[in-house]
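Notes follow the structure.
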Number of protein chains: 2
Amino acid sequence: MSLRIALLGTLAHHGPASGYELAKRFDASVNFVWQAKHSQIYPELAKMAQTGAVTVEDAGGGRGRKIYTITDAGREEIVQWVSGEDPYRSVRNESGLRGFLVTLLPPDEAAAVMRAEEARHTASLNGLLWLKEDVAARTTPGSPSFGQYALDLGLRTTRMLQQWAADTAEDLERRAGTEHTP
Amino acid sequence: MSLRIALLGTLAHHGPASGYELAKRFDASVNFVWQAKHSQIYPELAKMAQTGAVTVEDAGGGRGRKIYTITDAGREEIVQWVSGEDPYRSVRNESGLRGFLVTLLPPDEAAAVMRAEEARHTASLNGLLWLKEDVAARTTPGSPSFGQYALDLGLRTTRMLQQWAADTAEDLERRAGTEHTP
DNA sequence: ATGCGCATGTAATGTGTTACATGATTAC
DNA sequence: GTAATCATGTAACACATTACATGCGCAT
């Protein structure tokens, strides 16, 4: 369900697109909250076309390129989902899982793992900051602006993760230093 | 793979447990980074017993209760995974996805959705703070302390999400106020 | 005896990943 | 001509959720 909604949202925000374009947009925006490969996106688009959430039209380019456009029914689906009262929130955070397990390594090795995570987060933070400038440059100030809140969330999440990795690494390094090597 | 590792990690941190206990521990700790239902946990434990990552022993209670214990091979699997160089980090954040889509609602409705999210995060933050006190009370100060970094990550994540929901709601409310109703 | 919490599992279905397969257009 | 990028799809497999099914022990 969530993938379907995420795709509809992307179509609603940025307008009609081909499956390929959609996959790239996905990578460049929703990516830090939801991920999907093209092999999952294509069948989902076909399914949505059948149920009337999107319309398809054939276009040139590549091997039979298709453009998908969201319908009113599709928009209605988004509204229903967003304002829905389902209390369950699915969560998956592989970086966080590492944090759970890192204490099982000796402090010095654990610290190295966390420094690597920190570097990874720094890199994606730079990517997001670049994206933000890019979006700001193309947006009229004061307008609703696509994915503004989501981008903000992405920045906050990445900064938090980076900071956590750095603090954890520091703590582990301190421990490794004061350790009585057995 | 990640579920397997998360289960092994839970066994390594808290010691031997039955599938049922493990499922509850999972809910109470790893929950905010990884989720799993008992129907996924039981078969995975059976599989791990076959490959020698854990050992099983039968115990009383219920309908044939079984206790699982991590082996050295299981610990080695964790170490390999944590220090592994796989750059892919799977992410799934349904709360975040809502943030992406909320701008598709009229500002006042969107604000209400975000206020509801904020309340949800406040509730889970309280749960984590309670958990933290509970853990602190049972842990010797200065010791490595199980899942310390992960709990810290949980607190930071939840606080960040709560703050983001509040800020977003505020912004949306401001917009709803200054709006020229069409 | 009725319901609740402990306890374990399976079956059907849905979602997601990896690998395979194909072909057009553009730049060098 | 050949490599990269655009472009779409399927098949096999792995992972996850929902629903079904069972049974013990304890409290009311």
Side-chain angles (χ1 to χ4, degrees), chain A residues 1-8 10 16-28 30-51 53-54 56-68 81 84 86-94 97, chain B residues 1-8 16-28 30-31 33-51 53-54 56-68 81 84 86-94 97:
Chain A
M1 197 74 246
S2 299
L3 171 67
R4 184 186 178 107
I5 296 293
L7 286 171
L8 287 173
T10 307
S18 69
Y20 187 84
E21 275 178 291
L22 221 55
K24 296 197 96 181
R25 279 185 194 172
F26 220 80
D27 276 6
V30 204
N31 188 256
F32 57 89
V33 292
W34 211 268
Q35 297 160 339
K37 320 256 154 159
H38 76 275
S39 55
Q40 202 188 351
I41 291 173
Y42 286 121
E44 191 64 49
L45 283 169
K47 212 166 114 192
M48 289 197 284
Q50 275 195 334
T51 61
V54 297
V56 211
E57 61 174 312
D58 279 51
R63 174 184 59 158
R65 200 171 111 98
K66 289 172 192 167
I67 303 292
Y68 294 88
W81 189 84
D86 184 1
Y88 177 77
R89 296 286 180 279
S90 92
V91 169
R92 198 140 299 184
N93 182 343
E94 218 173 294
L97 186 53
Chain B
M1 198 75 245
S2 298
L3 171 67
R4 184 185 178 107
I5 297 294
L7 287 171
L8 288 173
S18 69
Y20 188 83
E21 275 178 291
L22 220 56
K24 297 195 97 181
R25 278 184 194 173
F26 220 79
D27 276 5
V30 203
N31 189 257
V33 293
W34 211 268
Q35 298 160 339
K37 321 253 152 161
H38 76 274
S39 54
Q40 203 189 350
I41 292 172
Y42 285 121
E44 191 64 49
L45 283 169
K47 212 166 113 192
M48 287 198 285
Q50 276 195 334
T51 60
V54 298
V56 210
E57 63 174 311
D58 280 51
R63 173 185 59 157
R65 198 171 111 98
K66 289 170 191 168
I67 304 292
Y68 294 89
W81 188 85
D86 185 0
Y88 178 77
R89 295 286 180 277
S90 92
V91 169
R92 197 141 300 184
N93 182 343
E94 220 171 293
L97 186 54

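Both backbone and side-chain heavy atoms feed into the values below; hydrogens, waters and symmetry mates do not. Order of the sequence lines sets the chain letters (A, B, ...), proteins ahead of strands, with each chain counted from 1. Bear in mind that the values here come from a model prediction, so they are computed numbers and not experimental data.
Listed nucleotides: D:dG9, C:dG16, C:dA7. Nearest to the side chain of A:Gln40: C:dG16. Of the candidate nucleotides D:dC6, D:dA11, C:dG16, C:dG16 has the atom lying nearest to any side-chain atom of A:Leu3. Among C:dA7, D:dG9, D:dA7, the nucleotide with an atom closest to any side-chain atom of A:Ser18 is D:dA7. Checking D:dA7, D:dT18, C:dT18 against every side-chain atom of A:Lys37, the shortest atom distance belongs to C:dT18. Set against C:dT18, C:dA7, D:dG9, the side chain of B:Tyr42 has C:dA7 as its closest nucleotide.
Donor-acceptor pairing under 3.5 Å, judged by distance alone, is absent between the side chain of A:Ser2 and the base of C:dT15.
B:Arg4 approaches B:Ala53 most closely through the heavy-atom pair NH2-CB, 3.8 Å. In terms of heavy atoms, B:Tyr20 sits closest to B:Tyr42 at N-OH, 3.5 Å. Here the closest heavy-atom approach between residue A:Gly19 and residue A:Leu45 is recorded as CA-CD1, 3.6 Å.
In this structure, B:Trp34 places its CH2 atom 11 Å from C1' of C:dG16, rounding to the nearest Å. The interatomic distance linking A:Leu22 (CG) with D:dG9 (P) rounds to 13 Å, in whole Å. Taking atom CE of residue A:Met1 and atom P of nucleotide C:dG14, one finds them 12 Å apart after rounding to whole Å. Taking atom CD on B:Gln35 and atom C1' on D:dT17, their separation rounds to 11 Å, with Å as the unit. Atom NZ in B:Lys24 sits about 9 Å away from atom P in C:dG5, given to the nearest Å. Look at CD1 on B:Ile41: it is 15 Å from P on D:dC15, rounded to the nearest Å. Put simply, CD on B:Glu21 is 14 Å from C1' on C:dG5, counting in whole angstrom units. A straight line from CZ of A:Arg65 to P of C:dT25 spans 12 Å, rounded to a whole angstrom.
Annotation: side chain of B:Val33 is not in contact with side chain of A:Val91 (no heavy-atom distance under 4.5 Å).
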Let me see the working for B:Glu94 and A:Arg92 under salt bridge (Lys or Arg N to Asp or Glu O under 4.0 Å), right down to the final yes or no.
CA-CA 9 Å; B:Glu94 220 171 293; A:Arg92 198 140 299 184; over 6 Å; no
After noting the C-alpha distance and the side-chain angles of B:Trp34 and B:Ile5, does the key distance pass the side chain to side chain contact (heavy atoms under 4.5 Å, CB included) rule? CA-CA 11 Å; B:Trp34 211 268; B:Ile5 297 294; over 6 Å; no
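Remark: B:Lys37 is positioned above the aromatic ring of A:Tyr88, its terminal NZ or CZ atom under 6.0 angstrom from the ring centre and at most 45 degrees off the axis.
Both B:Arg92 and B:Tyr20 lie near DNA chain C, and the one whose nearest nucleotide falls closer to the 5' end is B:Tyr20. Comparing A:Glu44 and B:Ser39 by the nucleotide of DNA chain C that holds the closest heavy atom to each, the one mapping nearer the 5' end is B:Ser39.
If you check every strand for non-hydrogen atoms under 4.0 Å, A:Arg4 touches nothing.
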Base-pair string, DNA chain C, Watson-Crick plus G-U, cut-off 3.5 Å on both distances, | for inter-strand, is ||||||||||||||||||||||||||||
